[in-house]
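Just below is one structure, and these are the notes that go with it.
In what follows, every chain begins at residue 1, and chains take the letters A, B, ... in the order their sequences are listed.
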Number of protein chains: 2
Amino acid sequence: MSTIKEVASVAGCSTATVSRALATPEKVSEATRARVARAIAQVGYTPNGAARNLRRRESKTIVALLPDISNPFFSEIINGIEEIAHQAGYQILIGDCERDPGRAEAYFDLLPANQADGVLLLTADVPRALVENARRQARFPLVMACEFFSDIDLPTVTVDNYRAACQAIDYLVSLGHRHIATISGPAANPICLERERGYRDTLTAHGLLDTARTQAGDFGVHSGYAQGLELLTPSRHRPTAIFCHSDEMAIGVLKAARQLGLAVPKDLSIVGFDNIRLSEYCDPELTTISQPRPEIGQKAMKLLLGLIRDEPVERHQVLETRLIVRQSTARPGAV
Amino acid sequence: MSTIKEVASVAGCSTATVSRALATPEKVSEATRARVARAIAQVGYTPNGAARNLRRRESKTIVALLPDISNPFFSEIINGIEEIAHQAGYQILIGDCERDPGRAEAYFDLLPANQADGVLLLTADVPRALVENARRQARFPLVMACEFFSDIDLPTVTVDNYRAACQAIDYLVSLGHRHIATISGPAANPICLERERGYRDTLTAHGLLDTARTQAGDFGVHSGYAQGLELLTPSRHRPTAIFCHSDEMAIGVLKAARQLGLAVPKDLSIVGFDNIRLSEYCDPELTTISQPRPEIGQKAMKLLLGLIRDEPVERHQVLETRLIVRQSTARPGAV
DNA sequence: CTCCTCATTGTAAACGATTGCATAAAAGGG
DNA sequence: CCCTTTTATGCAATCGTTTACAATGAGGAG
């Protein structure tokens, strides 16, 4: 509540000196610095952020836009983001956009309003006009992580979704599976398209393309369950393995299989994606593809900082995934 | 990037009029309002938030402090908070404090810095000095949700943890269980103490107090697993039912039971807490206590808004829980 | 002793909005 | 037609910092 003026008068110096004592202590004499420190403690001074932001024309805040806070997949990415952000003195405003696209716009508007210095976009599901508009502005540091736009070249941090899918499918084929289905995320999602491409290319390489079958979900556990029922309901060609684009959906499939009396992995192998914490605690434990989530967050934040500071940056960073084999996969029919 | 001055000059009026056209349109003539609107569109004006915050002495931002973002339990509460907050034109800064208490302090410091107008505390695990200090300040709107301090009277929104526990234990006793153990959250946590009290009182009421046994976890799935193993490893008095203070821990117990060859619910009944989404997708589906999460968030945010606006408020709000019976509970030994 | 440099501090002008007060014009009342 | 009220607008101070620039004094070089 007290201002820099009061500190200055108590310390017996000008406000400029107080300001410098805080921002650039090396420019202030030892003695003055001490007096200022004492005065600050005495009056209980906290610099007014709004005034500082106004004057400095920066907010030390960045916006992280998520498709869905409640998806546990994102929380560890956020942790990575926060770690780097706080080190650099930035705050994070987390925005959830799932409900309506108006939300996203409100968050983007914080940038010209000097309420945010950059945007970290963790979803491609925002009105593209926003993004295109942003790119046109001179100062609008924007980084995408995890997802991306296939036709707009933005700085990105992603994993190699194509290769990850190839790896999963290769593994299933090597176990002897010949009917491998996929439950993907939203059909138009670029990362899902990449994974789908990996899936189909790998099947093709093994001469199995004609058995390909994909259902689109939404990454959520319920859609996994629903699409799982769809795929597994008795038919001529019931798949013996399902590759899911998220662990949550894989857990949904687990329930569908249980309900239909199919044993996992004996009658059905399942591969998930993300390696969320609970994937080790379901029954059977999930074979899945692990993404380096904290690292994605860290790299994305570092990239954004680079853009904000106008430093040269590596605009496209691709991180490694890892196939983690647990108990939800086996040779078809094996005990 | 353009300022109110440019708008004013284009619209041919003073900055005061532009400001009023935006903030209190009814005080500006129809014609001027239109000219201003056109000018704004023409120069692409967005009001500078920092300047506004400085002048208005408010930030339209509130801080929500969580123990752990990655806990799915909180995300729906956040949704409730956001809903109300956005309606009222507020932004939410989500703070994760788990790692170190310094974090919490940094967030609290935003208030005197005019960077936040209030704090929504979703954890009691912050240095109490912060809270006590906050209470002493004149303007420091602070609301607790879910958790609370037993010895500091702050405005709160909670559920009746005592009654919820009673209900769960009553139900287990009514099924015929005589050895009911508990896996609680952190031992010193007030809500856990409440639940523990409900647990013990109910056992006492049924003359079963001597069979009480509690292990402390940390709400996380791994601690449920570890404490589950502890409780279930063969001994003279293996419990036939376990009441867990979170669904995640219940899922951990499920794994422990599986590993020890115990069938749920035949050999062991399990009751969780929170009714997270995945509780319906594990095997067996979890009997649990549902908390009205979005409503907790909404009520807490409304309460905080009331405090910010200096309106009369209901300082302590208690919401209802509901026991949801699914398949993880049964009569002991029943098929 | 003079001049220059450097370290330290102060002065005052921004930053971009909001708003109390004053003023002018229009409307209403008698 | 004059006086009062209302409506619409402008003027200018203000919010609390930061920072370019100027000023001061001390110390060193010549």
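Counting non-hydrogen atoms under 4.0 angstrom, A/Ser14 reaches a base of the nucleic acid.
For DNA chain D, no neighbouring residue in residues 29-40 of chain A is found when judged by any heavy atom under 4.0 Å.
How far SG of B/Cys13 is from CZ of B/Arg20: 9.5 Å, rounded to the nearest 0.5 Å.
By the salt bridge (Lys or Arg N to Asp or Glu O under 4.0 Å) test, A/Glu314 pairs with no residue at all, sequence neighbours left out.
A 6.0 Å sphere centred on CG of A/Asp109 holds more than 12 heavy atoms belonging to other residues, nucleotides or ligands. Taking a 6.0 Å sphere around CD of B/Glu311, one finds it holds more than 12 heavy atoms contributed by other residues, nucleotides or ligands.
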Donor-acceptor pairs under 3.5 angstrom involving side-chain atoms of residues 294-305 of chain B: please list them, not counting sequence neighbours.
unit_1	atom_1	unit_2	atom_2	d
B/Glu295	OE2	B/Lys299	NZ	3.1
B/Gln298	NE2	B/Glu83	OE1	3.3

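The overall bend of the helix from C/dC1-D/dG30 to C/dG30-D/dC1, read as the angle between its terminal helix axes built from five base pairs each, is 40° when rounded to 10 degrees.
Nearest heavy atom pair, residue A/Ser19 against residue A/Ile4, reads N-CD1, 3.8 Å. Smallest separation of non-hydrogen atoms from A/Met144 and A/Glu147: CB-O, 3.6 Å. Residues A/Phe219 and A/Cys192 share a closest heavy-atom pair of CZ-SG, 3.7 Å.
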Footprint string (nucleotides 12-18 of chain D, 5' to 3'): B base within contact, S backbone only, - free, heavy atoms under 4.0 Å
-BBBBBB
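At distances below 3.5 Å, not a single donor-acceptor pair connects side-chain atoms of A/Thr46 with backbone N or O atoms of B/Ala113.
Contact check for B/Ile81 versus B/Tyr90: no side-chain heavy atoms found under the 4.5 Å cut-off.
Close approach of DNA chain C to chain B, defined as any atom under 4.0 Å from a non-hydrogen atom of the protein, starts and stops at C/dG16 to C/dG20.
Checked against A/Leu66 for a side chain to side chain contact (heavy atoms under 4.5 Å, CB included), the options A/Asn71, A/Ile94, A/Asp96 give a single hit: A/Ile94.
Of the N and O atoms on the side chains of B/Asp117 and B/Ser59, at least one donor lies less than 3.5 Å from an acceptor on the other residue.
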